[in-house]
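Structure first, then comments.
Starting from 1, each residue takes its place in the sequence as its number.
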Amino acid sequence: MDEHDKRRVGEQIEPGGRPKAPGRLELLQRFVNSHNHDFPADWDRIGTPARAGAWLRQKGLLAPGDRLSGADVARLQELREAIRALALANHGDPPDAAALDAIRGAAGGARLQVAVDDTGRTTLEPACRGVDAAVATLLGILCEAQVTGDWRRLKGCRQCGYVFFDRSKNRAAAWCDMSICGNRTKNRAYYRRRRAAPR
């Protein structure tokens with residue numbers, strides 16, 4: 001994969017050609033995948049106030065006049081990594097206590113209200129502005145996904161942390177792409193076994 005394609009991972013393309021998460025859960029998936037730890041830090045789509053503002057506005061999470069500070073960026077990044085940790089726990093591990101604390105902290109300023117559309121469908125919408133509205137929307141999506149059961153299928157890759165939607169029948173997918181991360185993991189395990197084998 002060349003650099004151009006790598007920069008599109010998490011936005012336009014999914015590793016291994018996986019389908020995106022369904023409905024609004026795709027937005028939460030995109031948020032967590034706004035940076036992958038296998039890529040340079042300056043590729044972080046929410047790494048600076050300007051980049052974070054542009055990304056959040058493009059996703060409809062921030063009003064055009066709203067501005068972000070460095071502290072807002074740090075808060076968004078902390079939330080992103082906490083949600084990534086929860087997605088990694090969807091492999092059956094207990095959730096990370098620090099991640100839970102970070103999400104609880106983010107929820108403190110995230111006021112939500114129930115919105116009802118013309119068909120009677122309800123959604124959780126922010127009752128605040130700025131970065132608080134973005135955080136509220138993302139946490140509302142997390143809540144909705146947990147209620148529908150879709151959340152258990154949103155998993156963090158055990159190799160790179162990329163968040164993917166597991167559509168397998170047995171919900172046992174462990175890597176974003178078997179040919180990349182799966183092979184890396186298997187190769188490392190193979191070399192460890194070889195080194196440990198008696199000579």
Side-chain angles (χ1 to χ4, degrees), residues 1-47 51-52 55-56 59 61 73-103 106 135 138-139 141-146 148-193:
M1 185 181 293
D2 65 17
E3 182 177 322
H4 173 72
D5 282 341
K6 284 181 182 177
R7 285 182 178 266
R8 294 172 57 221
V9 168
E11 283 292 321
Q12 293 90 7
I13 61 174
E14 297 295 309
R18 286 183 182 277
K20 300 168 193 161
R24 287 183 9 131
L25 187 55
E26 179 191 341
L27 180 56
L28 190 65
Q29 179 186 23
R30 294 278 170 258
F31 173 67
V32 178
N33 290 333
S34 61
H35 187 248
N36 183 303
H37 302 290
D38 277 356
F39 297 149
D42 66 339
W43 288 17
D44 188 342
R45 293 180 183 103
I46 61 168
R51 274 193 249 143
W55 190 89
L56 292 170
K59 302 298 182 197
L61 293 170
V73 169
R75 184 174 160 207
L76 289 166
Q77 290 174 323
E78 181 182 40
L79 178 62
R80 175 181 66 194
E81 297 314 313
I83 295 172
R84 186 188 315 275
L86 285 188
L88 281 161
N90 280 339
H91 290 289
D93 303 321
D96 178 72
L100 293 174
D101 287 343
I103 291 172
V135 169
L138 294 165
L139 291 177
I141 294 169
L142 174 62
C143 180
E144 289 169 2
Q146 289 176 341
T148 64
D150 284 339
W151 172 252
R152 299 296 297 162
R153 289 188 177 270
L154 198 68
K155 296 181 175 177
C157 175
R158 290 186 174 188
Q159 171 65 37
C160 71
Y162 184 89
V163 173
F164 64 93
F165 194 74
D166 181 1
R167 293 182 185 268
S168 65
K169 283 187 181 181
N170 64 357
R171 301 180 186 202
W175 302 291
C176 62
D177 184 355
M178 181 62 197
S179 67
I180 301 171
C181 287
N183 280 343
R184 272 195 239 168
T185 303
K186 290 182 175 192
N187 286 340
R188 273 201 302 274
Y190 169 76
Y191 287 116
R192 272 196 306 271
R193 285 192 306 271

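For the pair H37/R84, a side-chain contact is recorded, criterion being any heavy-atom separation below 4.5 Å from C-beta on. With a 4.5 Å cut-off on side-chain heavy atoms, L56 and L76 count as touching. Counting only heavy atoms from C-beta outward, the side chains of W55 and D44 never approach each other to under 4.5 Å. Contact of the I46 side chain with the V73 side chain is not registered, since no non-hydrogen atoms from C-beta on lie closer than 4.5 Å. At least one side-chain heavy atom of R30 sits under 4.5 Å from a side-chain heavy atom of K20. Using a 4.5 Å cut-off on side-chain heavy atoms (C-beta onward), L139 and L79 make contact. In this structure, F164 and K155 have side chains that are in contact, with non-hydrogen atoms separated by less than 4.5 Å. With a 4.5 Å cut-off on side-chain heavy atoms, L100 and L86 count as touching.
Atom CG in D166 sits 8.0 Å away from atom NE2 in H91 (nearest 0.5 Å). A distance of 12.5 Å separates CD of E26 from CZ of R24, quoted to the nearest 0.5 Å. Between Y162 atom OH and N33 atom CG the span is 4.0 Å, to the nearest 0.5 Å. To the nearest 0.5 Å, atom CG of residue L28 and atom CG of residue L154 are 6.5 Å apart.
Closest approach of P95 and A89 over heavy atoms only: CA-CB, 3.9 Å.
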Quiz item: Given the rule in the side chain to side chain contact (heavy atoms under 4.5 Å, CB included) test, do L61 and L27 qualify, once you have shown the distances and angles that lead to the verdict?
Solution: CA-CA 10 Å; L61 293 170; L27 180 56; 3.8 Å; yes

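Shown are R80, Q29, R51, Q77; of these, the side chain to side chain donor-acceptor pair (under 3.5 Å) with S34 is made only by R80.
F39 and W43 have tilted rings, their planes meeting at an angle from 30° to 60° on a 0 to 90° scale.
Listed for the N90 side chain is no donor-acceptor partner under 3.5 Å among the backbone atoms of G156. R153 places no side-chain N or O within donor-acceptor distance of the main-chain N or O of F165, the cut-off being under 3.5 Å. Remark: side-chain polar atoms of D150 are not paired, donor with acceptor, to backbone N or O of A145 under 3.5 angstrom.
For the pair E78 and R75, the salt-bridge criterion is not met [side-chain N within less than 4.0 Å of a carboxylate O].
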